[in-house]
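Numbers for residues simply follow the sequence, beginning at 1.
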Amino acid sequence: MPVYLSFYQLDKKPFEITADPEFLWLSEKHKESLAMLQYGIMENKGCLLLTGDVGTGKTTLIHALEQMLGDDVALATIFDPNLGTIDFFNHLAEMFKMNMRFDSKGTFVHHFTNFLNTTFVQNKRVLLVIDEAQRATPEILEELRHLSNIERHYTKLINIFVVGQNEFIGMIKAPGFRALRQRIFLNYHMGPFTRKETGEYIRHRLQIAGAKKMIFNAGAVDEIHKFSKGYPRLINIVCDLALVSGYVDEAKIIKPDIIRECTDNLTIHNEFTTFSKTESSEINPPVKKTTPRKMEKDIPRGKKPFQWVFAFFGAIVLLLVAAGIIYY
C-alpha cells in the first residue's frame, strides 16, 4: 500500500497509469465522440477511426466503449496488429472463439463469412477493435478493407474500430489507401486536456479515490498542466510523484514548488545541450585553427628533443668567443 494513502486520507491510489474504468473522466468533446462511436456500431456503419498522440487516453476510451456495449455485440480486440496475414486470420478467429485454424486466406474468408452471417441471424452485431493501428502492415490494412466489404441485405456484417497514434493519419493518406479512407464513416482525433479540464480531471480522480478536498492548489494545477501539456498519462505520473513528495515533506496541500521539484526529476535533459559555456569548454576544449608555424611554437618542449641541444651549444660558443675577445 502506498505510504501516502493514510496521510491524505485516500482509499486507493488515484493516479495509476493503467486504464481503470472506475476512474474514467471524459471531457465534453470526448463524451460526444464516444456517443458517435456507439452510434456507428449500433447502426452498423462499418469503419470507425480514432487517433491521438501517446498518452491522450485512447485505451481508456476503448474500455469505456466496451463497457457501454451489451451482450448483443460480439467483440474482439487486437492490441498489436503487426502480424503476418495468416497469423492475423488465426488470431482473429481465436478472438471471436471460432475454434478453427486456417492455412489459407480463402478458407478463412469462407468460414468467417459464415460466422458473420450466423451472428447476423442471431440479431447480434460484430465489432473488431484494432489498437496500435500504426503498427499494422499495408497488407493487414488491405485485409481490413476487404473484411469491411462483407454485407448482407445492404447491411455491414462487421464493424471495425481502428485506433492509432498520430502517424497513422499520415499512413492512410498515401494513395494506396484511398479505398480504405472512403470506408471510414467516422474519424475522431483525441487531443490533450485544456487547463480547466486538467483541474477537473485531477479533482475527479481524487474524489473517486476518497479524497474529501482538493489536495492540489490552483498553482500546482498550473504547473501540472504546463508540464503535461494536458496529456492524461503525464498528469497521472506527476501527480502520483507529487503525492509521494508531499508526504515526505508533510505537506497536506500540494503547491507549485513540489510540482516543480517533481517535474525536474522527470525531465530528461540532453547532456549535449544543457552544459554551460564553461562546462562545455572544459569537456570539449575548442580546437585552435593554426598555421604550421604557429602550431610548431605551441608544441611542448618535451616534444622537440633537438632544439634545447642546439641552444646549449650555441650559448657555449658565444661565451668562448666573448672570452677570447676579452683575453686578446
If we only count heavy atoms from C-beta on, is the [X] to [Y] side-chain gap below 4.5 Å?
| X | Y | result |
| --- | --- | --- |
| N217 | I254 | no |
| N166 | H189 | yes |
| K173 | F177 | no |
| I184 | V162 | no |
| F89 | I86 | yes |
| R195 | V221 | yes |
| H91 | L83 | yes |
| L116 | F112 | yes |

Using the six-membered ring wherever Trp is involved, compare the ring planes of [X] and [Y] and label them parallel, tilted or perpendicular (cut-offs 30° and 60°).
| X | Y | value |
| --- | --- | --- |
| H111 | F102 | tilted |
| F15 | F216 | perpendicular |
| H30 | Y188 | perpendicular |
| Y247 | F7 | perpendicular |

Ignoring hydrogens, what is the shortest heavy-atom contact between [X] and [Y]? Give both atom names and the distance.
| X | Y | result |
| --- | --- | --- |
| L37 | L48 | O-CD1, 3.7 Å |
| I259 | V238 | CG2-CG2, 4.4 Å |
| K58 | G52 | NZ-O, 3.2 Å |
| R183 | C47 | O-CB, 3.2 Å |
| L206 | P14 | CD2-CG, 4.0 Å |
| T85 | E139 | OG1-CB, 4.3 Å |

E142 vs R145, test: salt bridge (Lys or Arg N to Asp or Glu O under 4.0 Å). Steps then yes/no. CA-CA 5 Å; E142 182 64 12; R145 184 182 71 83; 2.5 Å; yes
Euclidean distance, [Y] [atom2] relative to [X] [atom1], rounded to 0.5 Å:
| X | Y | atom1 | atom2 | result |
| --- | --- | --- | --- | --- |
| T56 | K229 | OG1 | NZ | 15.5 Å |
| N159 | L69 | CG | CG | 10.0 Å |
| I78 | L92 | CD1 | CG | 5.0 Å |
| E143 | F108 | CD | CZ | 8.5 Å |
| C239 | L234 | SG | CG | 10.5 Å |
| F79 | R135 | CZ | CZ | 14.0 Å |

More than 12 heavy atoms from other groups under 6.0 Å of [atom1] on [X]:
| X | atom1 | result |
| --- | --- | --- |
| I169 | CD1 | yes |
| E200 | CD | yes |
| Q182 | CD | yes |
| E151 | CD | yes |
| K252 | NZ | yes |

Has [X] got a side-chain atom pairing as donor or acceptor with [Y]'s backbone, closer than 3.5 angstrom?
| X | Y | result |
| --- | --- | --- |
| R203 | M214 | no |
| K97 | E94 | no |
| K156 | S148 | yes |
| E223 | R260 | no |
| H204 | L24 | yes |

Do [X] and [Y] sit in one hydrophobic cluster, given that two such residues count as connected whenever their side-chain heavy atoms are within less than 4.5 Å of each other, even indirectly?
| X | Y | value |
| --- | --- | --- |
| V163 | L180 | no |
| M42 | V126 | no |
| L127 | L147 | no |
| L128 | L49 | yes |
| V3 | L243 | yes |

Would you please test N236 and Y201 for side-chain contact (heavy atoms from CB on, under 4.5 Å) and show each step? CA-CA 10 Å; N236 287 359; Y201 174 81; 2.8 Å; yes
Please assess L65 against I41 for the test side-chain contact (heavy atoms from CB on, under 4.5 Å), listing each intermediate value before the final yes or no. CA-CA 10 Å; L65 180 63; I41 294 168; 3.7 Å; yes
Of I215, V248, L10, which meets side chain to side chain contact (heavy atoms under 4.5 Å, CB included) against Y4? L10
So, are E28 and K31 salt-bridged, with charged N and O less than 4.0 Å apart? yes
Could you please spell out the steps behind the side-chain contact (heavy atoms from CB on, under 4.5 Å) verdict for I140 and I130? CA-CA 11 Å; I140 294 300; I130 303 293; over 6 Å; no
Evaluate side-chain contact (heavy atoms from CB on, under 4.5 Å) for L75 paired with F161, printing each intermediate quantity in order. CA-CA 11 Å; L75 172 66; F161 182 20; over 6 Å; no
Within the 3.5 Å criterion, strictly below it, is a donor on N117 or R152 matched to an acceptor on the partner's side chain? yes
